[in-house]
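Have a look at the structure below, then the notes.
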Amino acid sequence: MVEKVDCMGILKTNCHTHTDYCDGKNTAREMIEAAIGKGFTTLGFSGHIPMNFVSGWAMTQDNLDKYYAEIRALKDEYADRIEILCGIELDSDYELNKDYGFDYVLSSVHQIHGKDRIYAIDYTAEELTEAVNTVYNGDWNEMAEEYFRTLANLVVSEKTDVVGHYDLITKFNKNFLLFDENNPDYQKSALRWVDYIIDNKPDIVFEVNTGAMFRCGNETPYPAAFILKRIGERGVRVTVSSDAHCTQALDYMFDEAKKYCKECGIDSVWHLTKNGFTEEKI
């Protein structure tokens with residue numbers, strides 16, 4: 001379990017932030033004002049990209065146009081108070097009808113494809129369990145293998161800057177309620193695809209994401225310690241983010257996440273700014 005600590009960094013940033021243009025609870029302006037109040041130096045917005053199916057979390061194309069225009073306008077409006085970045089959270093089933101000039105791309109996967117239905121990975125434990133039982137005959141390791149492969153191929157094939165919540169499938173797995181994360185086959189799959197990403201994109205950044213700590217009361221961020229240790233061993237950069245869907249979550253457990261990184265053998269976190277990633281020793 002991550003203990004409460006108090007260690008201030010040189011910068012305060014978050015590159016994984018949502019608004020009410022997708023499944024967030026607050027407006028972009030509200031998120032910015034809250035970030036300023038919390039002492040942020042940079043806030044990156046990463047709205048869910050439109051999907052090629054109807055989902056409960058992604059932006060519509062119309063909302064994406066509005067999102068892009070407003071974040072760009074707010075970037076100028078708040079330029080003397082906070083640095084704003086306009087990013088996107090890419091997904092494996094995305095659909096765009098025109099090109100955008102996003103400041104960065106965070107790549108994630110949130111769904112499982114069944115024969116007659118698309119299941120959300122991170123909506124409820126019941127829906128995820130139904131997906132595994134229906135699509136994979138109850139084989140959680142088979143589900144994990146396909147999930148990690150899909151995410152890794154997305155990251156490698158697209159212009160990805162940040163890998164989002166690498167093991168999102170563990171969101172509802174507190175105390176291994178759904179499946180055993182110590183299973184050798186599961187760990188082998190998780191690490192194989194981490195290595196695949198790093199082998200093909202050695203400059204990639206993985207996020208250490210506190211979102212499930214805020215929403216589910218999980219004790220540690222994504223990814224699991226054995227995965228984060230491999231990322232550290234490979235010398236790959238990490239950034240701390242909260243996957244904030246409301247103002248209260250903007251900086252949730254950031255110091256604890258840095259301590260977690262340190263415990264996993266990582267001595268730096270990287271902050272995304274308009275000039276690229278800036279290192280903070282921890």
Side-chain angles (χ1 to χ4, degrees), residues 13-18 22 42-52 55 57-59 64 67-68 71 84-96 98-112 121-122 144-170 189-211 221-224 227-228 230-232 234-244 261 266 268-279:
T13 67
N14 190 348
C15 69
H16 197 160
T17 310
H18 296 282
C22 52
T42 302
L43 182 63
F45 286 98
S46 55
H48 289 288
I49 200 164
M51 306 291 279
N52 60 17
S55 79
W57 66 85
M59 289 186 282
L64 175 57
Y67 162 85
Y68 186 78
I71 302 304
I84 301 298
L85 300 177
C86 184
I88 195 75
E89 185 167 9
L90 198 65
D91 210 305
S92 56
D93 294 298
Y94 79 91
E95 183 172 84
L96 285 181
K98 64 181 179 181
D99 292 330
Y100 293 83
F102 297 115
D103 294 324
Y104 66 97
V105 172
L106 186 150
S107 288
S108 307
V109 171
H110 298 85
Q111 64 281 340
I112 289 171
I121 287 170
D122 61 335
E145 169 69 16
E146 183 168 336
Y147 164 77
F148 287 128
R149 179 175 64 247
T150 301
L151 175 56
N153 286 329
L154 174 68
V155 169
V156 169
S157 64
E158 300 285 353
K159 294 180 179 179
T160 305
D161 300 293
V162 180
V163 180
H165 37 55
Y166 179 74
D167 53 349
L168 179 64
I169 53 176
T170 66
S189 179
L191 295 178
R192 175 169 60 252
W193 291 107
V194 162
D195 286 336
Y196 176 80
I197 291 172
I198 296 170
D199 289 343
N200 286 276
K201 287 199 168 181
D203 292 332
I204 198 70
V205 176
F206 284 81
E207 70 165 347
V208 176
N209 178 317
T210 65
Y222 308 110
I227 299 171
L228 190 55
R230 175 61 67 86
I231 292 169
R234 295 293 306 269
V236 175
R237 296 173 297 175
V238 302
T239 189
V240 171
S241 65
S242 66
D243 196 352
C261 290
I266 293 172
S268 294
V269 296
W270 294 78
H271 298 272
L272 182 58
T273 73
K274 66 180 182 181
N275 297 317
F277 285 94
T278 298
E279 183 179 16

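Small disclaimer: the values here were computed from a predicted structure and weren't measured. Numbers here simply count residues along the sequence, with the first being 1.
The minimum heavy-atom distance between L272 and C15, with the atom names listed, is CD2-CB, 4.0 Å. Listed here is the closest heavy atom pair of L154 and S92: CD2-N, 3.7 Å. Pairing each heavy atom of S108 with each of G164, the nearest pair is OG-CA, 3.5 Å. Taking each heavy atom of P50 and A58 in turn, the nearest pair found is CA-CB, 4.4 Å. The two residues G47 and C22 have their closest heavy-atom pair at CA-SG, 4.0 Å. When every heavy atom of I231 is checked against every heavy atom of P223, the shortest pair comes out as CD1-CG, 4.3 Å.
Proximity of F206 to V208: side-chain heavy atoms (C-beta onward) are nowhere separated by under 4.5 Å. Side-chain atoms of L228 and C261, non-hydrogen and from C-beta on, do get closer than 4.5 Å to each other. Inter-residue side-chain proximity for V163 and I204 is flagged as met; some heavy-atom pair is nearer than 4.5 Å. Residues D91 and M51 are in side-chain contact: their nearest non-hydrogen atoms beyond the backbone lie under 4.5 Å apart. The closest side-chain heavy-atom distance from V109 to L168 is not below 4.5 Å. L64 places a side-chain heavy atom less than 4.5 Å from the side chain of Y100. With contacts defined as side-chain heavy-atom distances shorter than 4.5 Å, the pair V194/I227 qualifies. Contact of the E207 side chain with the V238 side chain is not registered, since no non-hydrogen atoms from C-beta on lie closer than 4.5 Å.
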Check your understanding: Would Y104 and S46 satisfy side chain to side chain contact (heavy atoms under 4.5 Å, CB included), going step by step from the backbone distance to the final call?
Key -> CA-CA 8 Å; Y104 66 97; S46 55; 3.9 Å; yes
Point to revise | From CA spacing to verdict: side chain to side chain contact (heavy atoms under 4.5 Å, CB included), R230, D195 | key: CA-CA 8 Å; R230 175 61 67 86; D195 286 336; 2.5 Å; yes
Review point. Could you go step by step and tell me if H110 and S55 meet the side chain to side chain contact (heavy atoms under 4.5 Å, CB included) rule?
Key: CA-CA 10 Å; H110 298 85; S55 79; over 6 Å; no
Review point. Between Q111 and D93, is a side chain to side chain contact (heavy atoms under 4.5 Å, CB included) present by the stated rule, with each step listed?
Key: CA-CA 9 Å; Q111 64 281 340; D93 294 298; 2.8 Å; yes
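Sorted by first and then second residue, the salt bridge (Lys or Arg N to Asp or Glu O under 4.0 Å) pairs involving residues 153-167 (not counting sequence neighbours) form an empty list.
Between the CD1 atom in I88 and the CZ atom in F102 there is a gap of 4.0 Å [rounded to 0.5 Å]. Once rounded to the nearest 0.5 Å, the distance linking CG of L85 with OG1 of T273 reads 7.5 Å. The NE2 atom of H48 sits 8.5 Å away from the CE atom of M59 when rounded to the nearest 0.5 Å. In this structure, the separation between CD1 on I197 and CG on L151 is 5.0 Å, given to the nearest 0.5 Å.
A cation-pi contact links R237 to F277, judged by a cut-off of 6.0 Å to the six-membered ring centre and 45° from its axis.
For the residue pair S189 and E145, a side-chain donor N or O sits within less than 3.5 Å of a side-chain acceptor on the partner.
Side chain of S242 to main chain of T210: no donor-acceptor pair is present (N/O by atom type, distance under 3.5 Å, no hydrogens or angles). Remark: side-chain polar atoms of T160 are not paired, donor with acceptor, to backbone N or O of V162 under 3.5 angstrom. Judged purely by atom type and a 3.5 angstrom limit, S107 has no side-chain atom pairing as donor or acceptor with the backbone of V155. Between the side chain of T13 and the backbone N or O of H271 there is no donor-acceptor pair closer than 3.5 Å. At least one donor-acceptor pair closer than 3.5 Å links the side chain of D103 to the backbone N or O of C86. Side-chain atoms of Y94 do not come within 3.5 Å of backbone N or O of N52 as any donor-acceptor pair. Judged purely by atom type and a 3.5 angstrom limit, S241 has no side-chain atom pairing as donor or acceptor with the backbone of N209.
Remark: of the listed residues W193, F148, Y147, Y222, F148 is the sole one forming a ring-ring contact (aromatic ring centres under 6.0 Å, His included) with Y166.
In this structure, H165 and H16 have tilted ring planes: the angle between them lies in the 30° to 60° band.
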